[in-house]
Amino acid sequence: MIDPVILFFVLGAVAGLLRSELRLPAAIYEFVTIVLLLAIGLKGGVELARQPFGALAPQLLAVVAMGLLLPLIAFPVLRYLGRLPRADAASIAAHYGSVSVGTFAVAVAYLGSRQIDFEEYMPVLLVALEVPAILVGIVLARGLSRQTQWKSVGHEVFLGKGIVLLLGGLLIGWIAGPDGLASIEPLFVDLFKGFLALFLLEMGLITAAQVGGLRRHGPFLVIFGIAMPLFSALVGTGLGLSLGLSVGGITILATLAASASYIAVPAAMRISVPEANPTLSLAAALGITFPFNVLLGIPIYHALAVWADAFLKG
Amino acid sequence: MENNKRKLLTVVTEAALEATLIKDLDRLNAHGYTISDVRGKGSRGVRHADWDLNASIRVEVVCDAATAETIATHLQTHYYDNYAMIMFTSDIFVVRPEKF
């Protein structure tokens, strides 16, 4: 049973590879992204209204630590095994330490269509994972002191579209609570998968456009783009187990760890580490890792979570 | 008519630079600017403008020759190496000289 939203992604990718004229207008893509980000935020916010924020503190801290650790592992691999220039290695490492909201949404849809429950506060962890890797990436590229304008970096990172909409959605959901949100549910909940389908159609087109970059930069990026998410997913699974998450929760956390950012991080890196070549990081994150996660990764991470959970319970 | 002579400085670059560029222009005494979303192809490949990182902008500034020179030099030293950017100036006659 394959989820129809995945087929939209395949349609976009095939149309892109065949050089079809198909394109989602930029304003529509932007709109769809905004709806998805708000919807994810709202869902998490409702859950925050149900339980005290303090109870989440250990999970948050653990996830932030993971966000700092993953780019530190990726960097030496890229730098020494991949022989990439320092700026490029740092930038790609930041992409892989941060998260992709699109991949998260697909994982939510995957679990939803199989009626697998997961901890509803996952969007809070998603927000917490976005930022740390960006800071690590900048420090890896630049070192700590020299001429980095932390004020403008902070502005770029914390006031970027993704964080504002996710945090905004969380707050609105938290303030309004489940009953208050009932009136806007038709747009943000009922239509979620329809918007996700349109989003994935455009993602397919964008993914196909990265093939040229991959062809130029060779097999290392392809291998890294698949091996790194698999490794990160193991870290995420381990963390999920130790935090005592459900099978659904472990799957989502593994997916978050495995996903690579393609909105917040590229924008921040373009401004903060301009000498890093954006074609490289996007070819890996969008051309390889996103399709890998969406088509194969999420089912693998789910199977891994089921196995690990069963193993632990003996 | 001599009094109406100005320079039109046109910059085509990545949309990611817009906020930074605006700050530079204000600091370098441009009295105003016009920004449009554009797409096209250059040495860094086709820029379709179908999503954020692939979008380009055209910035037009009408100013006196000295200011145009200062801005052009600044942009050249700071952004030519790492960003997709082209720049050109043209001589123009403005109709409301007091604005520039």
Inter-chain contacts: residues 58-73 of chain B against chain A, heavy atoms under 4.5 Å: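 Residues qualifying by a heavy atom under 4.5 Å from chain A are absent, so none.
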[X], [atom1]: over 12 other non-hydrogen atoms inside 6.0 angstrom:
X: A:E21; atom1: CD; value: no
X: A:F292; atom1: CZ; value: yes
X: B:R27; atom1: CZ; value: yes

What residues form a ring-ring contact (aromatic ring centres under 6.0 Å, His included) with A:F75, not counting sequence neighbours?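 ring-ring contact (aromatic ring centres under 6.0 Å, His included) check on A:F75 returns nothing, list empty.
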Residues which pass ring-ring contact (aromatic ring centres under 6.0 Å, His included) with B:H74, listed by chain and number, not counting sequence neighbours: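 Once residues adjacent in sequence are excluded, the partners of B:H74 under the ring-ring contact (aromatic ring centres under 6.0 Å, His included) criterion are B:H78.
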Closest heavy-atom contact between B:N82 and A:R270?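 Closest pair (atom of B:N82, atom of A:R270, distance): O-NH2, 2.5 Å.
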Check side-chain hydrogen bond (donor to acceptor under 3.5 Å, both in side chains) between A:N277 and all other residues, then give those that pass, not counting sequence neighbours.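 A:N277 satisfies side-chain hydrogen bond (donor to acceptor under 3.5 Å, both in side chains) with A:T279 only.
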